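The next block holds one structure in the form of structure tokens; read it before the comments.
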Amino acid sequence: MFEDLRDLYQEVIFDHNRNPRNFRVIEDADRKVEGFNPLCGDRLTLYLKMDGDRIADASFQGSGCAISTASVSLMTEIIKDKTEAEAEALFLTFHEMTTGKSEDIQLEAVGKLAVLAGVREYPARVKCATLAWHTLDAALKNQQEAVSTE
Ligand code: ZN
């Protein structure tokens with residue numbers, strides 16, 4: 001990865017950590033799932049407001065490290081107005097991007113999420129980045145129980 005690109009990516013992560021998007025409760029949420037990463041201590045509650053099979057609104061509460069906060073903040077921005085199937089496809093792409101061995105991930109396909117591709121070089125941080133997405137996966141499958149990365 002080029003150094004200037006890495007700096008840009010870090011800037012986006014810092015920005016979302018300092019200033020998380022959609023950090024609020026959705027009082028009339030249709031889906032509400034808690035996620036926990038015991039390895040790092042990241043905790044979040046994800047809220048989804050559905051309109052048919054479309055995600056009309058997404059928000060979160062909780063506290064965690066910079067990577068987990070930036071990841072869930074970016075995710076709530078990106079999944080809004082996506083259908084359940086589109087969100088599930090993004091989850092699979094994101095998972096492959098952060099944990100896969102493939103070098104030819106279509107970074108353009110994931111948009112701003114590409115800023116988190118760098119965590120694959122830091123195995124201890126992968127769960128910080130994927131916690132939000134595993135929690136989303138549970139919410140899309142309408143599971144109620146809390147998600148743990150362990
Ligand atoms: Zn973390």
Side-chain angles (χ1 to χ4, degrees), residues 1-27 29-49 55 57-80 82 84 86-150:
M1 203 180 289
F2 298 109
E3 280 306 314
D4 54 346
L5 196 57
R6 192 184 292 271
D7 288 347
L8 172 71
Y9 284 3
Q10 283 183 350
E11 192 53 44
V12 174
I13 290 170
F14 289 147
D15 174 44
H16 276 264
N17 181 49
R18 267 195 310 262
N19 204 353
R21 318 300 198 269
N22 304 305
F23 187 79
R24 57 190 159 80
V25 173
I26 298 175
E27 296 292 349
D30 298 299
R31 313 271 174 93
K32 177 187 171 193
V33 180
E34 290 172 25
F36 179 44
N37 172 18
L39 219 60
C40 179
D42 309 314
R43 275 181 194 282
L44 60 89
T45 304
L46 179 69
Y47 300 86
L48 298 182
K49 180 74 186 160
I55 298 167
D57 198 7
S59 75
F60 77 103
Q61 291 273 274
S63 64
C65 67
I67 299 282
S68 71
T69 303
S71 181
V72 67
S73 172
L74 281 159
M75 185 187 80
T76 55
E77 272 196 325
I78 283 163
I79 61 174
K80 221 178 275 189
K82 295 276 191 291
E84 293 188 38
E86 288 169 339
E88 194 65 32
L90 270 174
F91 162 68
L92 294 174
T93 306
F94 185 79
H95 199 260
E96 175 64 17
M97 179 184 87
T98 51
T99 64
K101 299 282 178 281
S102 168
E103 288 299 323
D104 51 81
I105 296 295
Q106 299 296 307
L107 288 182
E108 310 84 71
V110 294
K112 269 199 274 181
L113 295 178
V115 301
L116 291 161
V119 299
R120 66 194 294 174
E121 293 169 38
Y122 308 95
R125 310 314 300 274
V126 167
K127 285 174 179 170
C128 300
T130 54
L131 173 66
W133 291 86
H134 284 292
T135 309
L136 172 68
D137 185 48
L140 292 173
K141 290 173 176 155
N142 224 342
Q143 292 168 5
Q144 312 282 314
E145 63 268 32
V147 174
S148 175
T149 55
E150 293 301 304

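When a ligand or atom number is given, it counts from 1 through the structure's own listing order. This is a predicted model, so every value here is computed, not measured.
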- line: Listed as residue and atom, the protein N/O/S atoms under 2.8 Å from the Zn ion (ligand 1) are Cys40 SG, Asp42 OD1, Asp42 OD2, Cys65 SG, Cys128 SG

query: Are the aromatic ring centres of Phe60 and Tyr47 under 6.0 angstrom apart?
result: no

- prompt: So, for Leu113 and Met97, which heavy atoms are closest and what is the spacing to 0.1 Å?
  reply: O-CE, 3.2 Å

- prompt: Taking atom types as modelled and ignoring hydrogens, do the side chains of Asn19 and Arg21 form a donor-acceptor contact shorter than 3.5 angstrom?
  reply: no

task: Measure the OG1-CG distance between Thr149 and Asp42 for me, rounded to the nearest 0.5 Å.
output: 8.0 Å

- prompt: Which class fits the ring pair Trp133 and Phe91: parallel under 30°, tilted 30 to 60°, perpendicular over 60°?
  reply: parallel

pair Phe94-Leu74: side-chain heavy atoms closer than 4.5 Å: no

